[in-house]
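We use all heavy atoms of the structure for the numbers below, so side chains are in, but hydrogens, waters and symmetry mates are not.
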Amino acid sequence: MTQLAPTQLAPVLTIDGPGGAGKGTISRMIAEHMGWHLLDSGALYRLTALSALRHGIAVDDAQALSEQAQNLDVVFAVENGAMRILLEGDDVTTAIRSEGVGNAASQVAALPPVRNALLQRQRDFYQAPGLVADGRDMGTVVFPDAPLKIYLTASAEERARRRLLQLQQVGEDARLSTLLEEIKARDARDMQRAVAPLKPAEDAVELDTTQLDIPEVVERIETLLAERNLV
Ligand code: DC
């Protein structure tokens with residue numbers, strides 16, 4: 001894949017923040033509007049975790065996990081406008097979104113060899129005409145030269161409520177109080193890990209989405225893109 005000089009030939013918009021702040025939906029909508037590529041970096045950590053679970057690899061076996069991450073057999077396919085994710089030929093689009101895989105992903109993501117193994121794979125998504133990169137360390141580590149970095153937040157309570165709705169849509173049942181505890185535990189783990197912790201880049205624009213709906217957030221970000229002459 002061609003390596004482009006960052007920010008010269010194609011803009012990168014990074015959208016970081018904790019789970020449930022709306023990054024996934026917002027990133028997808030902006031990528032669609034702009035006709036840009038989309039990197040869902042969380043999916044790569046989820047795929048590494050699911051693959052480990054399926055191959056009987058412990059979520060703290062850094063060496064085996066980084067080999068797993070390096071050699072992930074993954075296909076991101078767009079079908080009828082929807083993204084399908086295949087792991088070793090198996091459609092895991094829904095399976096990787098479960099709470100169990102999310103928790104395992106958060107543990108796997110704390111291991112530096114796993115993060116290193118996934119770094120180039122993430123940068124390979126950077127292609128003209130532009131990229132929206134969604135994650136935790138897009139603006140701080142993976143694309144530090146991005147010309148627009150957004151840090152999306154929302155209260156833990158609001159994020160737990162959104163997560164419950166999402167799980168219900170894929171037919172999973174959950175308790176709001178349990179989800180809230182899990183969200184707080186995952187935030188703590190993502191923010192306190194030694195490597196690439198979840199935090200806003202120094203030059204990030206912070207947006208609190210607790211009181212905003214999705215179209216409002218999309219509009220604010222697209223206005224920023226226009227103000228910076230990125231579209
Ligand atoms: O965004 P998500 O819920 O799909 O991410 C799953 C886990 O992967 C999350 O707990 C943190 C981790 N992650 C990460 O460490 N770095 C990223 N760039 C994206 C996700």
Side-chain angles (χ1 to χ4, degrees), residues 1-51 68-79 81-87 92-93 96-97 101-102 105-106 108-109 114-152 190 195-201 203-205 207 214 217-218 221-222 224-225 230-231:
M1 222 164 276
T2 330
Q3 279 291 336
L4 302 172
T7 76
Q8 286 176 1
L9 299 176
V12 183
L13 164 66
T14 60
I15 304 190
D16 290 305
K23 286 173 295 146
T25 312
I26 287 159
S27 300
R28 208 165 39 245
M29 286 176 75
I30 296 175
E32 247 168 51
H33 290 176
M34 303 296 158
W36 291 359
H37 298 276
L38 175 66
L39 164 61
D40 172 1
S41 60
L44 292 174
Y45 289 97
R46 287 173 180 269
L47 285 159
T48 304
L50 180 62
S51 177
Q68 194 87 32
Q70 191 88 54
N71 300 312
L72 273 184
D73 172 7
V74 176
V75 176
F76 291 88
V78 179
E79 253 179 40
M83 174 76 85
R84 278 179 64 222
I85 304 178
L86 305 179
L87 176 63
V92 295
T93 316
I96 59 163
R97 301 295 162 196
V101 173
S106 168
V108 161
V114 173
R115 303 199 73 84
N116 279 336
L118 291 177
L119 196 55
Q120 191 56 45
R121 196 183 274 264
Q122 295 173 83
R123 289 184 175 151
D124 284 345
F125 278 76
Y126 178 37
Q127 292 180 65
L131 176 69
V132 181
D134 156 5
R136 304 292 191 286
D137 61 341
M138 298 296 98
T140 50
V141 175
V142 182
F143 299 107
D145 297 328
L148 180 58
K149 302 176 183 178
I150 303 291
Y151 190 80
L152 281 190
D190 291 346
V195 174
L198 170 62
K199 63 168 186 202
D203 50 349
V205 177
L207 280 179
I214 285 165
V217 181
V218 168
I221 297 175
E222 291 182 351
L224 287 166
L225 282 171
L230 298 171
V231 285

Short N-O contact, Arg123 and Asp145, less than 4.0 angstrom: no
Distance-minimising heavy-atom pair for Arg121 and Asn71: NH2-C, 4.0 Å
Side-chain donor or acceptor of Arg136 paired with backbone N/O of Ala109 under 3.5 Å: no
Leu198 backbone acceptor or donor facing Asp190 side chain under 3.5 Å: no
Residues Met138, Ile15; criterion side-chain contact (heavy atoms from CB on, under 4.5 Å); working and verdict: CA-CA 7 Å; Met138 298 296 98; Ile15 304 190; over 6 Å; no
Audit row: Tyr45, Val114, side-chain contact (heavy atoms from CB on, under 4.5 Å) steps and yes/no: CA-CA 9 Å; Tyr45 289 97; Val114 173; 4.3 Å; yes
Heavy-atom side-chain proximity of Val217 to Ile150 below 4.5 angstrom: no
Heavy-atom donor-acceptor pair, Lys23 side chain to Asp40 backbone, under 3.5 Å: no
Met34 vs Leu225 side-chain heavy atoms within contact, under 4.5 Å: yes
Pairwise side-chain contact, Ile96 with Leu87, heavy-atom cut-off 4.5 Å (strictly under): no
Worked verdict on Trp36 versus Val231 for side-chain contact (heavy atoms from CB on, under 4.5 Å): CA-CA 11 Å; Trp36 291 359; Val231 285; 3.9 Å; yes
Residue pair Arg46, Ile85: steps toward the side-chain contact (heavy atoms from CB on, under 4.5 Å) verdict: CA-CA 11 Å; Arg46 287 173 180 269; Ile85 304 178; over 6 Å; no
